[in-house]
Protein chains: 2
Amino acid sequence: MLEKSHKHVTCATCGAKKDSLFGSFCGAETSNLDEHKTCNYYKKNQPLFIEGSLPRGVFCINEGKVKIFTRGEEGKEQIIHIAKQGEIVGFRAMFSGEAYKVAATTLEECNICFINKTDFLDMVDTNQVLRNGIMRELSKELADRATFITNMAQKSVRERLAFALAMLDDIYEGEMINLTREDMANFVGTATETLIRLLKDFKDDNLIETHARKIEILDKKGLLDLAGL
Amino acid sequence: MLEKSHKHVTCATCGAKKDSLFGSFCGAETSNLDEHKTCNYYKKNQPLFIEGSLPRGVFCINEGKVKIFTRGEEGKEQIIHIAKQGEIVGFRAMFSGEAYKVAATTLEECNICFINKTDFLDMVDTNQVLRNGIMRELSKELADRATFITNMAQKSVRERLAFALAMLDDIYEGEMINLTREDMANFVGTATETLIRLLKDFKDDNLIETHARKIEILDKKGLLDLAGL
DNA sequence: CAAAAAAAATGACTTAAATCAGCTTTGAAT
DNA sequence: ATTCAAAGCTGATTTAAGTCATTTTTTTTG
């Protein structure tokens with residue numbers, strides 16, 4: 001695996017920036033961003049923020065993956081989204097003015113930059129392109145979540161898992177999927193045991209292959225078919 | 001029931017405006033809004049827009065209720081939200097620049113105003129208060145949908161129905177809930193037969209009372225308890 | 001590297017909720 | 001008022017998926 005460590009990242013040379021909401025920033029805007037951000041190294045399973053806390057700024061993922069989740073009754077996690085490099089995490093609650101309803105925790109070692117609330121809101125207020133990007137992003141996610149709800153309501157666990165694996169293949173971009181069975185079950189919305197049994201089925205059907213915890217997608221098209229898409 | 005009919009509504013005297021995103025509009029802004037809107041009367045079960053079409057503007061509900069839904073595999077509806085007077089419908093897709101992923105259909109006779117896309121976007125661009133209101137709204141809804149997903153994944157149908165009835169009680173504001181059993185099932189995310197059986201249980205437990213199709217909430221606290229909240 | 005802890009896997013059993021089929025009531029339209 | 005289709009309701013049956021208990025494998029840590 002890639003060696004990660006605490007290092008100072010410059011926005012101007014950040015590989016993740018081009019895919020992010022800051023992608024359109026010009027030189028002056030980029031160096032302004034640079035001055036207002038701090039870089040931090042996170043270990044695996046470290047929280048960025050928890051439910052109920054007040055947002056103090058936004059997190060920009062430079063490297064690594066982060067799960068966004070809520071907790072149900074008995075504290076069981078429901079993973080809503082898995083964010084990767086280039087994604088900005090934690091800005092939704094800043095606009096609603098409320099405490100976080102979701103929590104964010106690293107799934108692996110990460111390098112993540114932090115931008116202070118007032119600095120970020122200043123940028124949003126003065127930069128129309130950024131603002132439009134954010135509104136587009138919020139709207140798109142809203143539509144995605146409508147689909148998510150519909151899938152939860154109408155699809156079987158088998159179909160949801162097939163779809164989730166195809167999504168994870170995109171998120172892990174060719175790398176093997178590396179999640180605990182529990183996290184995966186909490187993403188699909190099922191029991192861990194059920195998830196494990198279904199993974200075996202998929203393995204028997206040559207859709208995937210497992211290397212200990214890691215999952216390799218062999219037949220993405222087959223998975224999407226199975227998901228009913 | 002209240003008699004509804006095609007009538008011209010003035011934004012200045014609109015009873016729904018104060019609760020809407022336009023609530024903060026001053027006199028000049030209100031008359032500008034007035035000039036750019038048209039009023040329309042809708043019969044029950046009339047679509048405002050359908051999935052896949054491109055947004056041409058936004059809908060502001062003056063009177064009546066509207067269901068927002070997606071369709072799964074075999075066309076089965078999943079109701080995501082039920083909008084009432086004061087709510088603005090259809091603006092999310094305008095920011096994403098994509099076709100509607102959801103559809104909207106009236107649940108009863110409605111009076112609904114329409115504001116053209118360019119006029120609305122102009123207002124958003126020039127009015128910071130409106131813009132902030134929209135961003136707050138988008139963010140709040142995003143959080144609501146995270147909770148919705150978690151409920152679908154982790155709660156039983158019984159719990160979800162109890163919660164849905166409590167929500168509907170707020171939406172219908174004291175009026176009796178008036179939805180087909182099918183719509184209600186598509187909101188809760190279950191089969192119509194299952195929903196009917198559970199309604200009977202709730203009736204037996206004196207939580208609700210039915211008057212033909214209409215449902216009266218007798219014990220909202222009891223319902224919320226049952227929902228596990 | 002060994003030991004301990006955590007995660008993964010398997011088996012047996014239970015149950016919530018879907019499906020299918022048929023019957024009854026309601027309300028809309030003539 | 002009568003008719004007819006749509007919606008509501010009930011019963012019987014099936015099944016997908018959850019739960020609980022135990023074993024095996026993997027991962028972590030001293």
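A, B, ... follow the sequence lines: proteins, then strands. Residue 1 opens every chain.
Between the P atom of C:dT26 and the CD atom of B:Glu182 lies a distance of 19 Å, rounded to the nearest Å. Distance, A:Ile196 CD1 to D:dT22 P: 18 Å, rounded to whole Å. Distance A:Lys43 NZ to D:dT27 P: 20 Å, rounded to the nearest Å. The distance from atom CG of A:Leu195 to atom C1' of C:dA8 is 11 Å, rounded to the nearest whole Å. In this structure, A:Gln154 places its CD atom 16 Å from P of C:dA17, rounding to the nearest Å. With rounding to whole Å, B:Leu161 atom CG is found 11 Å from C:dA17 atom P. Rounded to an integer number of Å, the gap from NE2 of B:His211 to C1' of C:dT26 is 16 Å. For the pair A:Arg197 CZ and D:dT19 P, the interatomic distance rounds to 12 Å; values are reported in whole Å.
When each of C:dA21, D:dG8, C:dA8 is scored by its nearest atom to the side-chain atoms of B:Arg213, the top-ranked nucleotide is D:dG8. Ranking D:dT10, D:dG8, C:dT10 by closeness to the B:Thr180 side chain, first place goes to D:dG8. In the set D:dT10, C:dT19, C:dA8, D:dT10 carries the atom at the smallest distance from any side-chain atom of B:Lys200.
Remark: of the listed residues A:Tyr42, A:Phe91, A:Tyr100, A:Phe114, A:Tyr100 is the sole one forming a ring-ring contact (aromatic ring centres under 6.0 Å, His included) with A:Phe49.
Using a 4.0 Å heavy-atom criterion, one finds that B:Ser156 contacts the sugar-phosphate atoms exclusively.
Take the nearest nucleotide of DNA chain D for A:Ala212 and for A:Arg160: the residue whose nucleotide is more 5' is A:Arg160.
For a distance-only test at 3.5 Å, the side chain of B:Glu193 fails to qualify as a donor-acceptor partner of the base of D:dC9.
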